[in-house]
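Heads up, the thing below is written out as structure tokens.
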Amino acid sequence: SLEFLYLGGNFITAIPPELAKLPSLRYLVLCDNKIQSIPPQLAQLHSLRSLSLHNNLLTYLPREILNLVHLEELSLRGNPLVVRFVRDLTYNPPSLQELAGRTVKTRNVPYAPSDLPDSLVRYLSLASNCPNPKCGGVYFDSCVRQIKFVDFCGKYRLPLMHYLCSPECSSPYSSASQSSTSQSESDSEDEASVAAHRMQKVLLG
């Protein structure tokens with residue numbers, strides 16, 4: 001039944017995903033810590049109204065944060081994602097196993113569990129679809145991390161982490177250099193579906 005949880009100023013470095021098991025939580029204060037990432041499980045806090053994350057070490061927000069449908073206040077000031085956006089994101093070339101797995105999945109090569117070792121069957125089941133609608137590819141362990149800007153209130157554009165299958169798969173809406181006022185045909189459904197009333201306050205400064 002917990003509704004208010006204040007954990008500010010405790011040198012916390014990670015948020016335990018178990019916080020998502022507090023269905024009545026309305027106000028969560030995690031400011032003035034050393035938090036570097038937000039677990040996507042927090043998107044299960046459907047009663048959350050206010051989330052204070054200022055003065056941490058965040059460089060991105062998970063896209064799942066858009067599922068916090070009742071969130072009215074989000075404080076992000078004093079984080080690297082506000083002070084300086086992530087630009088230098090590395091890409092590790094895919095392994096031969098990943099290249100083979102991508103080929104099997106994208107070309108719909110038929111196979112049965114009896115055809116492959118159990119470890120490869122499990123591996124093929126872990127394929128993630130590339131979010132670029134013009135791609136249609138998949139990836140396993142090797143992907144490109146990029147910042148995707150999502151509009152809140154028609155005024156603020158928050159950076160969320162965006163995963164692509166390769167550097168060539170980058171699209172205009174995933175570019176960190178895109179103007180906040182420009183719109184393109186490839187704007188994501190996430191950005192288009194976020195209503196202005198969803199966020200009353202986004203505290204960035």
Side-chain angles (χ1 to χ4, degrees), residues 13-15 17 34-44 51 53 56-68 74 76 79-109 111 116 119-152 156-194 202 204:
T13 57
I15 302 173
K34 308 256 182 217
I35 299 168
Q36 299 185 40
S37 63
I38 304 299
Q41 290 86 345
L42 289 193
Q44 300 171 22
L51 179 58
L53 294 167
N56 276 288
L57 301 175
L58 297 172
T59 56
Y60 68 94
L61 298 176
R63 62 186 295 128
E64 288 81 3
I65 201 171
L66 296 176
N67 296 329
L68 296 174
L74 175 63
L76 295 170
N79 281 283
L81 70 84
V82 175
V83 178
R84 50 178 170 75
F85 294 123
V86 178
R87 297 182 186 277
D88 301 323
L89 299 174
T90 60
Y91 173 67
N92 295 320
S95 64
L96 291 177
Q97 176 175 279
E98 172 143 353
L99 290 173
R102 290 186 180 192
T103 300
V104 170
K105 300 299 285 188
T106 56
R107 297 188 181 182
N108 295 316
V109 177
Y111 66 91
L116 301 171
S119 59
L120 290 181
V121 173
R122 287 193 298 270
Y123 180 79
L124 290 171
S125 69
L126 298 176
S128 298
N129 293 323
C130 182
N132 186 341
K134 297 181 180 180
C135 172
V138 300
Y139 63 88
F140 294 88
D141 302 313
S142 180
C143 60
V144 178
R145 298 187 307 160
Q146 289 192 348
I147 296 300
K148 170 188 172 186
F149 287 87
V150 175
D151 184 31
F152 281 107
Y156 300 106
R157 292 176 68 84
L158 299 182
L160 304 185
M161 187 59 75
H162 189 57
Y163 297 92
L164 299 170
C165 65
S166 73
E168 291 75 22
C169 204
S170 179
S171 57
Y173 61 78
S174 64
S175 173
S177 62
Q178 181 186 9
S179 169
S180 63
T181 58
S182 65
Q183 296 291 329
S184 67
E185 293 181 356
S186 59
D187 279 351
S188 71
E189 293 182 359
D190 288 337
E191 183 169 344
S193 64
V194 177
V202 181
L204 300 177

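None of these values were measured; they are calculated from a predicted model.
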Rounded to the nearest 0.5 Å, how far apart are CG of Asn67 and CG of Leu42? 11.5 Å
Could you pull out the closest heavy-atom pair between Asp141 and Glu98, with the gap in Å? N-OE1, 2.8 Å
Spacing of Leu53 atom CG and Asn79 atom CG [to the nearest 0.5 Å]: 7.0 Å
To the nearest 0.5 Å, what is the distance between CZ (Arg102) and OG (Ser166)? 6.5 Å
Restricting to non-hydrogen atoms, name the atom on Pro39 and the atom on Ser37 that form the minimum distance, rounded to 0.1 Å. CD-O, 3.9 Å
Are any side-chain N or O atoms of Asn129 and backbone N or O atoms of Val138, one a donor and one an acceptor, separated by less than 3.5 Å? no
Kindly indicate whether the side chain of Cys143, heavy atoms from C-beta on, has any atom under 4.5 Å from the side chain of Leu164. no
Taking Ser142 as the fixed residue, which of Pro94, Pro93, Cys165 is the one that meets the side chain to side chain contact (heavy atoms under 4.5 Å, CB included) rule? Pro94
Run the side-chain contact (heavy atoms from CB on, under 4.5 Å) check on Leu51 and Ile65 step by step: do they pass? CA-CA 11 Å; Leu51 179 58; Ile65 201 171; 4.3 Å; yes
Determine whether Val144 and Tyr163 make a side-chain contact, defined as any pair of heavy atoms from C-beta on separated by less than 4.5 Å. no
For the CD atom of Gln97 and the OG atom of Ser119, what is their distance to the nearest 0.5 Å? 7.5 Å
For Tyr123, give me all partners under ring pair (Phe, Tyr, Trp, His ring centres under 6.0 Å), at least two apart in sequence or on another chain. Phe140
Would you check, one step at a time, whether the test side-chain contact (heavy atoms from CB on, under 4.5 Å) holds for Gln36 with Asn56? CA-CA 7 Å; Gln36 299 185 40; Asn56 276 288; over 6 Å; no
Expected output: side-chain Asn132 to main-chain Lys134 donor-acceptor under 3.5 Å: yes
Where Leu124 and Gly101 come nearest, the two heavy atoms and their spacing: CD2-CA, 3.7 Å
Min side-chain heavy-atom separation Leu57-Ile35 under 4.5 Å: no
Quick one: closest heavy-atom pair of Tyr111 and Leu116, and the distance? CD1-CD1, 3.7 Å
Supply the atom-to-atom distance Asn108 CG to Thr103 OG1, rounded to the nearest 0.5 angstrom. 12.0 Å
